[in-house]
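Accompanying notes for the structure given below.
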Amino acid sequence: MKRLKHKKTKKQTLGKKLLKIIGWSFGILILLVILLLLFIRSPWGQNLIVQRAATFVSDKTNTKVEIGKLYISFGGNVILEELFLEDTNRDTLFYSKALEADVPLLPIIRGNAIGIDYLKWEGVQANISRMDTIQGYNFQFLIDAFASDESVVKETDTTSKPFKISIGDVFFNDFNVNFKDSVLGIDADLKLGNLSLRMEKTDLETMDFRASEISLHNTYINLVQTPSLLPATEEEATLLPYLEAKKLELVNVFVNFESIPNQMIADVEIGEFLVELNKGNLRENEIEIGTVALKESVLALHVETEEALVDEEQVEEINSEISQFEWPDFKIAVSSIDFQENRIRYFVGDHKTESGVFNVNAI
């Protein structure tokens with residue numbers, strides 16, 4: 001009996017020691033996690049991590065890279081401030097004043113989805129250019145620096161589920177983007193004031209996009225189309241999307257478009273534009289709109305080419321074609337239309353409007 005008691009006492013003592021060791025291990029682990037979080041949250045820790053990351057990228061690309069702050073807030077949001085990248089010509093490639101994003105990590109870890117619940121981005125300056133197909137875009141050096149030296153061909157798994165993307169609330173402020181692609185013949189400038197996007201559904205596989213609000217304010221777009229250096233290709237048939245936007249609003253949006261191949265200039269000045277797109281099923285040709293309103297706006301089109309001129313004989317042909325025209329099988333429903341104080345202009349060449357005379361080449 002004494003031996004049994006002695007064995008039980010030894011087992012109990014061993015169990016207590018084991019529990020103490022496990023307890024101390026968990027305690028040390030929790031302490032290390034706390035110290036790591038404090039290190040990451042501390043100005044000294046943030047500065048160390050940021051400088052190491054910036055130095056690594058700078059050494060890889062042989063260009064200037066600066067990062068003001070990069071950390072994860074206690075709420076789990078990724079915050080990036082004062083990011084600067086230069087190109088190989090020592091010019092500004094990209095600058096971002098402040099970015100805050102809420103990106104759930106679990107779907108990414110599982111490898112089947114990526115989502116952005118919240119994104120706020122402001123103060124962006126970007127200069128993207130491509131002069132030819134040999135050197136590529138001016139950011140190609142970044143891709144080349146981090147590309148693998150050995151090309152590895154991976155077999156695609158056709159049985160795996162498609163990758164899903166979900167977007168929540170997005171807010172862009174103060175964007176200045178210059179894009180010049182001599183290969184595609186595009187020269188564009190974008191000065192974006194404010195863009196608010198509140199998405200309810202984003203499905204790239206079925207092309208289903210639904211938003212509760214899309215709002216664009218104080219934006220200037222200048223687009224010049226020059227001849228493309230690429231050969232013309234046949235467009236592939238694509239799945240038409242399903243669209244919904246409970247509120248699509250444009251305020252003080254200015255667009256200037258010039259097509260040099262077509263000798264055409266279009267100026268659009270939108271004071272206020274509002275549309276409630278309750279249903280936009282382009283596959284079934286079904287469109288349902290609540291309210292559409294356009295106020296204090298200008299729509300102007302100027303065509304230089306003589307091919308756009310219309311003479312009296314062509315007017316008769318056009319009238320004949322209009323009388324024979326049949327609307328496509330569309331189902332369109334609009335609840336209300338409100339157009340106020342808008343101006344529409346259309347000119348061909350040097351033609352001008354004359355009082356009391358209708359000229360189809362100057363309206």
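Since this is a predicted model, take the numbers as computed values, not measurements.
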Could you check if a side-chain atom of Asn285 sits within less than 4.5 angstrom of a side-chain atom of Lys331, using non-hydrogen atoms only? no
Are Phe179 and Asp189 close enough, and set up right, to give a side-chain contact (heavy atoms from CB on, under 4.5 Å), and what steps lead you there? CA-CA 6 Å; Phe179 179 82; Asp189 294 324; over 6 Å; no
Taking ILVMFWY side chains as joined if any heavy atoms are under 4.5 angstrom apart, and letting links pass through other members, which residues group with Val357? none
Taking Val170 as the starting point, is it possible to reach Val251 by hopping between hydrophobic residues whose side chains are less than 4.5 Å apart? no
Examine the side chains of Glu82 and Tyr95 and answer whether a donor and an acceptor come within less than 3.5 Å of each other. yes
Whether His302 side chain and Gly349 backbone form a donor-acceptor pair below 3.5 Å: yes
Check whether any side-chain heavy atom of Phe273 lies under 4.5 Å from a side-chain heavy atom of Glu296, and answer yes or no. no
With a 4.5 Å limit on heavy-atom distance, are the side chains of Phe347 and Val303 in contact? no
Do Val275 and Ile289 have side chains that approach each other closer than 4.5 Å (heavy atoms only, starting at C-beta)? yes
Taking all non-hydrogen atoms of both residues, which atom of Gly271 and which atom of Ser297 are closest, and how far apart? N-OG, 3.0 Å
Heavy atoms, side chains only, cut-off 4.5 Å: are Leu282 and Tyr242 in contact? no
In the single-linkage hydrophobic clustering (I, L, V, M, F, W, Y; side-chain heavy atoms under 4.5 Å), do Leu99 and Phe175 co-cluster? yes
Decide yes or no for Asn138 and Ser129: does some side-chain heavy atom of the first lie under 4.5 Å from some side-chain heavy atom of the second? yes
Output, in order, the C-alpha distance, side-chain angles, deciding distance and verdict of side-chain contact (heavy atoms from CB on, under 4.5 Å) for Val253 and Glu269. CA-CA 6 Å; Val253 177; Glu269 301 176 9; over 6 Å; no
Taking atom types as modelled, find out whether Gln340 and Asp338 have a side-chain donor-acceptor pair closer than 3.5 angstrom. yes
Answer with yes or no whether the side chains of Asn256 and Asp267 bring together a donor and an acceptor at under 3.5 Å. yes
Decide whether Ser336 and Thr291 meet the rule of one side-chain donor and one side-chain acceptor closer than 3.5 Å. yes
Note: Gly185 and Gln225 closest approach over all heavy atoms is O-NE2, 2.8 Å
Specify the closest pair of heavy atoms between Leu274 and Lys247, including all atoms of both residues, with the distance to one decimal. CD1-CG, 3.9 Å
Rounded distance (nearest 0.5 Å) linking atom NZ of Lys191 with atom CG of Asn176: 4.5 Å
If you count heavy atoms of other groups shown closer than 6.0 angstrom to CZ of Arg283, is the number above 12? yes
Backbone N or O of Met264 within a donor-acceptor pair of the Asn262 side chain at under 3.5 Å? no
Do the side chains of Val224 and Leu190 join up, straight or via other hydrophobic residues, at under 4.5 Å, putting them in one cluster? no
For Leu192 against Phe172, the heavy-atom pair lying closest together: CD2-O, 3.7 Å
Kindly indicate, with the supporting measurements, whether the criterion side-chain contact (heavy atoms from CB on, under 4.5 Å) is fulfilled by Glu122 and Val124. CA-CA 6 Å; Glu122 62 179 345; Val124 171; over 6 Å; no
Charged N to carboxylate O under 4.0 angstrom, Glu200 versus Lys246? yes
With no hydrogens and no angle check, is any side-chain donor or acceptor of Thr92 less than 3.5 Å from a backbone partner on Phe94? no
Under 4.5 Å between side-chain heavy atoms, hopping through other hydrophobics if needed: is there a path connecting Val177 to Tyr220? no
Other residues, nucleotides and ligands only: do more than 12 of their heavy atoms fall within 6.0 Å of CE on Met131? no
Output for pair (Tyr118 OH, Asp102 CG), nearest 0.5 Å, gives 9.5 Å
If you measure from NZ on Lys180 to OH on Tyr137, what distance do you get to the nearest 0.5 Å? 13.5 Å
Between atom CD1 of Ile167 and atom CD1 of Ile116, what is the distance when rounded to the nearest 0.5 Å? 6.0 Å
Would you check if there is a donor-acceptor pair between the side chains of His217 and Ser215 at a distance under 3.5 Å? yes
Does any N or O in the side chain of Ser58 come within less than 3.5 Å of the main-chain N or O of Ala54, such that one atom is a donor and the other an acceptor? no
Are any side-chain N or O atoms of Ser96 and backbone N or O atoms of Gln125, one a donor and one an acceptor, separated by less than 3.5 Å? no
Looking at Asp350, I want to see if its CG is surrounded by more than 12 non-hydrogen atoms of other residues, nucleotides or ligands under 6.0 Å. no
Measuring only between side-chain heavy atoms, which start at C-beta, is Phe209 closer than 4.5 Å to Asp203? no
Work out which heavy atom in Glu205 is nearest to a heavy atom in Leu239; give both atom names and the distance. O-CD2, 4.0 Å
May I ask you to test the Leu230-Val183 pair for a side-chain heavy-atom distance under 4.5 Å? yes
So that I can tick it off, tell me whether Lys279 and Glu286 are bridged by a salt bridge, with the cut-off set at under 4.0 angstrom between side-chain N and carboxylate O. yes
Just verifying a value: how many Å separate Asn127 CG and Leu93 CG, rounded to the nearest 0.5 Å? 7.5 Å
Of all heavy-atom pairs between Thr353 and Ala362, which one has the smallest distance, and what is that distance? CG2-O, 3.4 Å
Out of curiosity, does Phe257 fall in the hydrophobic cluster containing Val348 (side-chain heavy atoms, cut-off under 4.5 Å, transitive links)? yes
Considering the options Thr55, Leu85, Leu80, Val57, which one meets the side chain to side chain contact (heavy atoms under 4.5 Å, CB included) requirement together with Ile67? Leu80
In plain terms, say whether Arg130 and Asp132 are close enough for a salt bridge, that is, a side-chain N and a carboxylate O under 4.0 Å apart. no
Would you say Arg210's side chain and Glu244's backbone share a donor-acceptor pair under 3.5 angstrom? no
Is any side-chain N of the basic residue among Glu86 and Lys64 closer than 4.0 Å to the acidic one's carboxylate O? no
Step by step, would you call Asn342 with Leu299 a side-chain contact (heavy atoms from CB on, under 4.5 Å)? CA-CA 8 Å; Asn342 302 307; Leu299 309 176; over 6 Å; no
Supply the atom-to-atom distance Ile214 CD1 to Ser196 OG, rounded to the nearest 0.5 angstrom. 10.5 Å
